[in-house]
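The block underneath contains the structure these notes are about, expressed in C-alpha cells.
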Amino acid sequence: MSDAASAYHWERSFRLWDTYFALIWVATVAYVLATEQPGWPLRAVAAALLVPLVPLYVVAGRRLIRGDPPDQRQAIGYLAAALALFLPSAVLAGETRVLTFALIPQCFMTLRMRSALVAVAVMNLVPVAGWALLWWPGAREVAFDVLFSVVTLVFSVAVGSWVIRIIEQSRERAELIAELDASRHEVGRLSEAHGALAERERLAREIHDTLAQGFTSVVMLIQAVEAELDHDLPGARRHLRLMDETARQNLAEARALVAGGTPADLDGASLPDALGRLAARHDAALEVTGPVRTLPAGPEVVALRSCQEALANARKHAGSSATVGVSLAYADDSLTVSVRDDGRGFDPFAACGGYGLAGLRARAAEVGGTTEVRSAPGNGTVVTVRLPVLWRRTS
C-alpha cells in the first residue's frame with residue numbers, strides 16, 4: 001500500500017474515533033441531565049465539568065493519539081487533566097461513568113502498559129468510592145456499583161492489553177516494512193551496480209577480443225610492410241591487403257558492438273566459415289571434425305571470441321615463424337575449439353598481468369565451459385576451450 005493510501009485510511013479511521021468520542025460524550029451529558037438524582041444544581045455542575053473535556057480532547061488528546069509513539073509526559077498531563085474533570089463529575093452523578101467508554105481506550109492508546117493500568121483502575125474505582133462516601137446509598141446499590149466497576153475494570157484491562165499488543169505489533173510491522181523497503185532499495189541499487197559492472201566487463205572483453213586485437217594485427221602488418229618495401233614488393237602488397245581486410249573487419253566489429261548484434265564474422269555465416277576466415281587472416285590452418293550443425297548463439301560467440309584471443313596471442317608471443325593451427329570439434333553434448341602453435345611457449349603457472357587468458361576463462365565460464373592452457377618454454381602452446389551445448393536430434 002502506498003504512503004498516500006495509508007495516510008487516507010488512517011485519517012478515515014481517526015475520524016471514526018472522533019465520532020465515537022463525540023457520541024459517548026453527548027450520551028453521557030444527556031444521561032446526567034436526564035436522571036432524577038441528585039438534584040438539578042448538582043447535575044448541572046456534573047455536566048458543566050464535562051464540557052472542558054471537548055476542547056481538551058481536540059487540542060491535546062487527538063495530537064497525542066496520533067503520535068507514534070505518544071510523548072509520555074504530555075500523555076500523563078493530558079489524562080491527569082481529564083481525570084480532574086471526570087472524577088468530580090462521576091462522584092456527583094454516577095451516570096457520568098458512561099464516559100469511561102471513551103476515556104479508557106485513550107489510556108491504552110497514549111500510555112505505557114503499567115501507567116495505563118493505574119489510570120484505568122483510578123477511573124473505575126475512585127468514582128464508586130467517592131459516590132458511596134458522598135451519598136451513603138444502600139448496601140445493595142453499593143454492591144451493584146462495586147461489582148459493575150470491577151467487571152468494567154477487568155474488561156478494560158483485557159481489552160486494553162489486547163489493544164496495546166495490536167499497537168505494538170503494528171509498530172513492529174511498520175518497522176519491518178520500513179526495513180524491507182530499505183533492503184529492497186539497497187538490493188535494487190546493488191543489482192544495478194552489479195549489472196553496470198557486468199556490462200563494463202562484457203564490453204571490456206568484446207573490445208579486447210575484437211578492436212584491440214585488430215589494431216594489434218594492423219600494427220604488426222605495418223611493421224611487416226616496412227620490412228618488405230625495399231626487397232619484397234609482392235609480400236608487402238599481400239600484407240597491405242591483409243591490413244585493408246583487418247581494418248574493414250575491425251570497422252564491422254565496432255558497428256556490431258555498438259548495435260549490440262552478433263559478431264561481424266558470424267553475421268549470416270556458420271561457425272566453421274567464421275573460424276576459417278579468422279584463421280586465414282592469421283595464416284593458420286583450420287580443421288573441423290564431427291557433424292557440423294547450428295548451435296545456440298552463446299556457445300558460437302564464445303568459441304569465436306576464444307579463437308580470436310588465442311590466435312592473437314599466438315602471433316604476438318609465439319614468433320612470426322611459428323606454425324599455427326585451429327581445430328573445431330563437434331560432439332554430441334559439447335563444442336571444442338583448440339589453437340596450437342609450435343612457438344616459444346611459456347610457463348602457464350607463472351604470474352601473468354595480461355587480460356587475455358583471464359578474460360578467455362571468464363567468457364567460457366559464463367556458459368558453463370572450461371579453458372585449458374598447455375605450454376612449456378620452447379615446446380609451443382595449446383589453448384583448448386570446451387563448451388557444453390544442447391541440441392535436438394532430427395529424425
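Computed from a predicted structure; not experimentally measured.
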Verify the cluster assignment for Leu295 and Leu275: are they in a single hydrophobic cluster under the rule of side-chain heavy atoms below 4.5 Å apart?
yes
Is there a path of hydrophobic side-chain contacts, each under 4.5 Å between heavy atoms of I/L/V/M/F/W/Y residues, joining Met243 to Val219?
no
Distance (rounded to the nearest 0.5 Å) between Leu64 CG and Gln72 CD:
9.5 Å
Taking the side chain as everything from C-beta on, heavy atoms only, tell me whether Leu335 gets closer than 4.5 Å to Leu328.
yes
Working to the nearest 0.5 angstrom, can you tell me the gap between Asp232 CG and Arg238 CZ?
8.5 Å
Linked, directly or transitively: Leu278 and Val292 (ILVMFWY side chains, under 4.5 Å):
yes
So do Val324 and Val339 actually touch side chain to side chain, heavy atoms under 4.5 Å?
yes
Could you check whether any side-chain N or O of Thr96 sits under 3.5 Å from a backbone N or O of Ala93, counting only pairs where one atom can act as donor and the other as acceptor?
yes
First locate atom CD of Glu309, then atom CG of Leu311, and finally report the distance between them rounded to the nearest 0.5 Å.
9.5 Å
Can you check whether Thr35's main-chain N or O pairs, donor with acceptor, with Arg43's side chain at less than 3.5 Å?
yes
By side chain to side chain donor-acceptor pair (under 3.5 Å), which residues pair with Thr28, not counting sequence neighbours?
none
Side-chain (Trp25) to main-chain (Leu50) donor-acceptor, under 3.5 angstrom:
yes
For Ala310 and Leu360, work out which heavy atoms get closest and say how close.
N-CD1, 4.4 Å
Cluster question for you: counting only ILVMFWY and a side-chain heavy-atom cut-off of under 4.5 Å, with indirect links fine, are Leu111 and Leu99 together?
yes
Which heavy-atom pair separates Ala236 from Val225 by the least distance, and what is that distance?
O-CG2, 3.7 Å
Using a 3.5 Å distance criterion without hydrogens, assess whether the side chain of Asp342 forms a donor-acceptor pair with backbone atoms of Thr323.
yes
Between CD1 of Ile24 and OG1 of Thr100, what distance do you get to the nearest 0.5 Å?
8.5 Å
Which heavy-atom pair separates Ala364 from Val385 by the least distance, and what is that distance?
CB-CG1, 4.0 Å
Full working for side-chain contact (heavy atoms from CB on, under 4.5 Å) between Phe108 and Val120:
CA-CA 9 Å; Phe108 290 105; Val120 169; 3.6 Å; yes
Give the intermediate values and the outcome of side-chain hydrogen bond (donor to acceptor under 3.5 Å, both in side chains) for residues Glu287 and Ser327.
CA-CA 5 Å; Glu287 178 186 4; Ser327 64; 5.6 Å; no
Show the numbers, then the answer: is there a salt bridge (Lys or Arg N to Asp or Glu O under 4.0 Å) between Asp244 and Arg248?
CA-CA 6 Å; Asp244 178 74; Arg248 293 178 184 277; 2.9 Å; yes
So which atom in Pro88 and which in Ala84 form the shortest heavy-atom distance, rounded to 0.1 Å?
CD-O, 3.1 Å
Going through the distances and angles, do Arg97 and Met123 end up as a side-chain contact (heavy atoms from CB on, under 4.5 Å)?
CA-CA 9 Å; Arg97 277 171 272 168; Met123 202 173 295; over 6 Å; no
Salt-bridge contact Glu366-Arg363 (side-chain N to carboxylate O under 4.0 Å):
no
Return yes if some donor-acceptor pair links the side-chain N/O of Ser375 with the main-chain N/O of Phe346 below 3.5 Å, else return no.
yes
Could you give the distance from CZ (Arg62) to CG (Leu56), rounded to the nearest 0.5 Å?
13.0 Å
Rounded to the nearest 0.5 Å, what separation is found between the CG atom of Leu180 and the NE2 atom of His185?
11.0 Å
Could you walk me through whether Tyr330 and Leu271 pass the side-chain contact (heavy atoms from CB on, under 4.5 Å) check?
CA-CA 11 Å; Tyr330 288 86; Leu271 179 61; 3.9 Å; yes
Strictly distance-based, threshold 3.5 Å: is any side-chain N or O of Ser338 a donor or acceptor partner for the main-chain N or O of Thr384?
no
Counting N and O atoms only, with roles assigned by atom type, does the side chain of Gln106 sit under 3.5 Å from a partner on the main chain of Ala102, one being a donor and the other an acceptor?
yes
Within-4.5 Å side-chain heavy-atom neighbours: Thr371 and Ser306
no
Side-chain donor/acceptor of Ser334 to backbone N/O of Leu387, under 3.5 Å:
no
Heavy-atom closest pair, residues Leu79 and Cys107
CD1-CA, 3.9 Å
Salt bridge flag under 4.0 Å for residues Arg374 and Glu372:
yes
Hey, are Arg184 and Asp181 close enough for a salt bridge, meaning a charged N less than 4.0 Å from a carboxylate O?
yes
Would a single hydrophobic cluster contain both Leu33 and Leu23, if residues Ile, Leu, Val, Met, Phe, Trp and Tyr are joined by side-chain heavy-atom contacts under 4.5 Å?
no
In short, Ala75 meets Thr110 closest at the heavy-atom pair CB-O, 3.6 Å
Does Thr381 form a side-chain contact (heavy atoms from CB on, under 4.5 Å) with Val383? I'd like the steps, not just the answer.
CA-CA 7 Å; Thr381 302; Val383 178; 4.1 Å; yes
If you count every heavy atom of other residues, nucleotides or ligands that lies below 6.0 Å from Tyr31 atom OH, does the total exceed 12?
no
